[in-house]
Each structure stands twice: as structure tokens, then as C-alpha cells.
Amino acid sequence: MENLNQNVVQPVRQLLSDKAWARWTALALVASMMLFAYMFVDVMSPLQSLVQTQRGWSPDAFGYYAGAEYILNVFGFLILAGIILDKMGVRFTGTLSASLMVIGAFIKLYAISDAFQGTAIDQWLGSWWTAMPGSAKLAALGFMIFGCGCEMAGITVSKTLAKWFEGKEMALAMGLEMAIARVGVFFIFTISPRLADWSASPTVVVPVAFCSALLCIGLLCFIVFTFMDSKLDKEMGAAKVEEAASDEEFKLSDVGAIFGSKLFWIIAMLCVLYYSAIFPFQRYAANMLQCNLGISETQASDIFRWFPIGAAVLTPFLGYFLDRKGKGASMLILGAILMIVCHLTFAFVVPTTQSELITYSAIVVLGISFSLVPAALWPSVPKIMDKRFLGSAYSLIFWVQNIGLAFVPIIIGKVITWSNPGITDPLQYNYTVPMCCFASLGVLALIFGIILKSMNAIHHYGLEDPNIKEDFEDVRIDGEA
């Protein structure tokens, strides 16, 4: 009996990821990179009116700049990024993505700096497509490069956490990573307008420079993580040589298999519709509040900054709940409903009442919505996709998402111009029609959420099931974890 027990226990070889301190340290390192990335994404969002008066960017130009972050991803880079991730692994891909973010950030910093204004490049860029100033064009180019790195980093972190938290607190880990990123949005909406006012005359250069420096720190954090991940891979290689040689080998034909999955397209459409009503909204939210409440940039940013805090506080708890109780598909539906209500409130109630209480309430509820959907969405992907092409599955979902994120800001910029004929003062725009556009995206996301839950009830994909397996030790012995 003693020998039998030894035979059963022996295969349970403790990996670095089995140690709580190690996997949570890994989370902290990769989450730091994403924290600084999210801060850079929205560093100019509270400064729309300032960049319009200081650099001559119209709402259309600002919309093109905002959408530029995702353009290269839409035209195939994200698909390539997923293949690179599955072929080259998280260490190479993460380091590459962090490096691209730093390069793109410094190009954008140069574009909006005083050193660029009036140069030969500025004059040449401003000589064609004159509706888009030269500074906006070069800033958009830098944002494109940054966006390639940021979205590649997103899928890398998703696969990283799926790897380090497999069979453990996966939803909680992903929830915490997203919560940390949301805190970054809170920080940047708090400090960006204040950093802009730091010098004698307001400028967008200081906050962009500050966030560019943080991205360099994020790159260093990920490099430190690569040493931990290398050690884990050596341990996993010793324990799973046979599996690594066969089952984990990614094939290019797997991309076709992913595209052929009906469930993949339902999740991808839900993702693109929901996120297109959130991230582009963040670009215009501060200016919307300025126009509706008649307040300054700093006051508007101070109000809107509480939006990500609601998501940051609740997302880890929701992840904990999903790990142990499930109900992921139901959370997706509830999140879409809350988002629709909030956008309609911004469209009709806030302009009429000009109530800060109602505004704060809508922002907090929108943050709750933003905690429900991501917390349930991303941990669901490993349940429906084969592990060997999980990176490609994430990248293709992000690719579809980026289509919306690239074009919705451009569309909203044009809608603002169209619905405000003859208005050039950035503090006098009417945002009713743009907010209705965001609400309509939420309605479509709700429809796909209902379809997803119905399919899960029929085919039992496990989207409503908890993530943590009670029989984890037994699964580990069998070699499936």
C-alpha cells in the first residue's frame, strides 16, 4: 500500500507556478506593464479641448488620431501577433510588444512637442490632407506603432495568466490584472490635466512625456518576468516532454479552424460591440462632461476618473466569484444592460438636469458594467479553445475588437461634427447623437450575449461553470493540468 501511494504522489511535481508567491509576483510584473500602457492610451483623452486650441486638431482630426491606435492591427498585425505568440512564446512576444510601445510613445511625444512644430517634416505633413495637421499625422503614426505593441501585449498577458494560473485562480488573476489597468485610467484622468497645467502655459507635452517614461519602466518589469517564465518552462519541459513535443505544437491551419468556429464569432462580436462602446467613449467622455455640465477639463476629468475605479474594485471580486460559482454568460448580459442604461442617461438625462449626482451615479454604474463583462469574457476563452492555439484565439478576438476600436472613434468624431453644424467652440458640442450611437452598440452586444447564453445551455460549453476544479489534485495526477 505504501509503494502504491508513492506511485500516485510522485507525478505531482510542484512547478514554480504552483507556488503562490511566484505566480502572484508574475502577475504583478506583467500587470505593471499593462498599467503603464493603459495610462498612455488615455493620457490625451482629458485634453481634447486643449489640443484643439493649442495644435489645431478638430474633432475629426482627434477622432482619426484616436482610431489610429488600432489601424495596423486591423490590417493584419494582430493575426501575425497571435501566430508569433504561439510560435515564439510569451517571453519573446511580450518583450517585443513592450519595445514597440516605447518606440511608438516617443514618436508621439516628438509629434506633439514644440520641437516638432514648424520643422520641414511638419510642413510637409501639413501640406496634404490639410484637415489633419502635421502634428496629428505623426502622433497618429506613433500611436499606431504603440497600438501594435499594446494589443500584442494584451494577448500575451492573457495567455501568460492562462499558463501561470491554469486550474487555479485564473478568473481572479485576470480580474486583478484588469483592475490594475483600470486604476491606471483613474490615475491618468486625475493627473493628466494637472500635469498639463504644471508649466507656465498649459501643454500636452508634460503628461505624454511622463507616461512615456513609465512605459520604459514597464518594459523593464516584463524583462524581469522573462527570467521567471524561463524557469517555469524548464520545469514544465521536464514534466511534460511528450506533451510539448506533440499536443502543444501550433499549426498555421489552426487559424482556419478558429475562424470556422461559430462560438468564436459570437464571442468576438460581443467583444467588439461592447468594447467599442467603452474605449472610444473614454476618448470623448471628458469633453462630453465639459459640454453637458459647463465645467473645466480638470473638473470633468475628476468626475470621469471614478469610472475605472468601479471596475477596478469589483473585477477581482467578480473573478473570485467566477472561479468558485461560475455564471459567466449571465454576467455578460447584465453588463450589456447596465451599459445601455448609462449611455442613454448621458444622452438625455445629464444634459437636461445637469446633475452631478446623476452623472456620478451613471459613471459608477458604467464602471460596474465594465467589471462584469471583461471579468466573465476573457476567462471563458480557454474553455472553448484548444490550448495549443489559445494565443491565436485571443489575437483573433482582439483583431475583431480592433476593427471597432479603430473606426468607432472616427465615426464618433464625424458624428460630433455632423450633429453640431457651425459650432467650433469645443465646449459647446451637443453629445446626444454620439451617446445614442454608443447605446446602440450596447443593444447589439446584449443580443449576442443572449445568443451565447442560449448556446451554452444547449451545448454545455461550461461558460456558466466555476473555473476552479475541486478535483485539482486528481487532474494533476492524470497529467491533464
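- The OH atom of Y431 sits 9.0 Å away from atom CG of N292, with the distance rounded to the nearest 0.5 Å.
- Residues L366 and V341 have side chains not in contact (no heavy-atom distance under 4.5 Å, counting atoms from C-beta outward).
- Side-chain atoms of L405 and S276, non-hydrogen and from C-beta on, do get closer than 4.5 Å to each other.
- Side chains of V400 and W265 form a contact here, defined as non-hydrogen atoms less than 4.5 Å apart.
- Rounding to the nearest 0.5 Å places CE of M101 at 6.0 Å from CE of M34.
- Atom CD1 of residue I450 and atom CD1 of residue I266 lie 12.5 Å apart, to the nearest 0.5 angstrom.
- The CG atom of L215 sits 9.0 Å away from atom CG of L219, with the distance rounded to the nearest 0.5 Å.
- Annotation: the span from C211 atom SG to F187 atom CZ amounts to 12.0 Å, rounded to 0.5 Å.
- The shortest heavy-atom contact between M152 and A81 is CE-CB, 3.6 Å.
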ask   = side chain to side chain contact (heavy atoms under 4.5 Å, CB included) between Y284 and M435: does it pass, once the steps are laid out?
value = CA-CA 10 Å; Y284 295 98; M435 296 313 303; over 6 Å; no

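- Results of the ring-ring contact (aromatic ring centres under 6.0 Å, His included) test with F279 over F370, F307, Y70 single out F370 as the only residue that passes.
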request  = Would you sort out whether F143 and I71 count as a side chain to side chain contact (heavy atoms under 4.5 Å, CB included), showing the intermediate values?
outcome  = CA-CA 9 Å; F143 214 20; I71 290 295; over 6 Å; no

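- Looking at every heavy atom in both residues, L161 comes nearest to A173 through CD1-O, 4.0 Å.
- With contacts defined as side-chain heavy-atom distances shorter than 4.5 Å, the pair V185/V41 does not qualify.
- Put simply, the side chain of T417 gets close to the backbone of G413: a donor and an acceptor are under 3.5 Å apart.
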request  = Please assess S419 against T432 for the test side chain to side chain contact (heavy atoms under 4.5 Å, CB included), listing each intermediate value before the final yes or no.
outcome  = CA-CA 9 Å; S419 60; T432 301; over 6 Å; no

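- Contact check on E69 versus R283 returns a salt bridge, with a Lys/Arg side-chain nitrogen under 4.0 Å from an Asp/Glu carboxylate oxygen.
- For the salt bridge (charged side-chain N to carboxylate O under 4.0 Å, His left out) with D229, the qualifying choice from K234, R91, K159 is R91, the only one to do so.
- Of the possible polar contacts, none joining the N402 side chain to the N73 backbone as a donor-acceptor pair under 3.5 Å is found.
- Remark: the backbone N or O of C437 is paired with a side-chain donor or acceptor of S440 at under 3.5 angstrom.
- Considering all non-hydrogen atoms of both residues, Q282 and D42 come closest at NE2-OD2, 2.6 Å.
- Side chains of F407 and V74 form a contact here, defined as non-hydrogen atoms less than 4.5 Å apart.
- Although no hydrogens or angles enter the test, the distance criterion places a donor-acceptor pair under 3.5 Å between the side chain of S192 and the main chain of V43.
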request  = Just do the side chain to side chain contact (heavy atoms under 4.5 Å, CB included) check on W24 and L176 with the steps written out, would you?
outcome  = CA-CA 10 Å; W24 292 112; L176 284 171; 3.5 Å; yes

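- Side chain of S230 to main chain of T226: no donor-acceptor pair is present (N/O by atom type, distance under 3.5 Å, no hydrogens or angles).
- For F40 and F146, the gap between ring centers is short of 6.0 Å.
- Proximity of L289 to I363: side-chain heavy atoms (C-beta onward) are separated by under 4.5 Å at one or more points.
- Between L27 and F165 the shortest side-chain heavy-atom distance falls below 4.5 Å.
- The CE atom of M269 lies 11.0 Å from the CD1 atom of I447; values are rounded to the nearest 0.5 Å.
- Partners of K231 under the side-chain hydrogen bond (donor to acceptor under 3.5 Å, both in side chains) rule, at least two apart in sequence or in another chain, do not exist in this structure.
- For H343 (side chain) and L338 (main-chain N/O), no donor-acceptor pair under 3.5 Å exists by modelled atom type.
- Pairing each heavy atom of M39 with each of I188, the nearest pair is O-CG1, 3.3 Å.
- Residues M288 and Y429 form no side-chain contact, since every pair of their non-hydrogen atoms from C-beta on lies 4.5 Å or further apart.
- For the salt bridge (charged side-chain N to carboxylate O under 4.0 Å, His left out) test, no residue two or more places apart in sequence or in another chain qualifies with K453.
- Residues G404 and P409 approach most closely at O-CD, 4.0 Å, considering heavy atoms.
- Residues I410 and G63 approach most closely at CG1-O, 3.6 Å, considering heavy atoms.
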F448 vs Y274, ring pair (Phe, Tyr, Trp, His ring centres under 6.0 Å): CA-CA, chis, key distance, verdict = CA-CA 10 Å; F448 278 98; Y274 183 84; over 10 Å; no

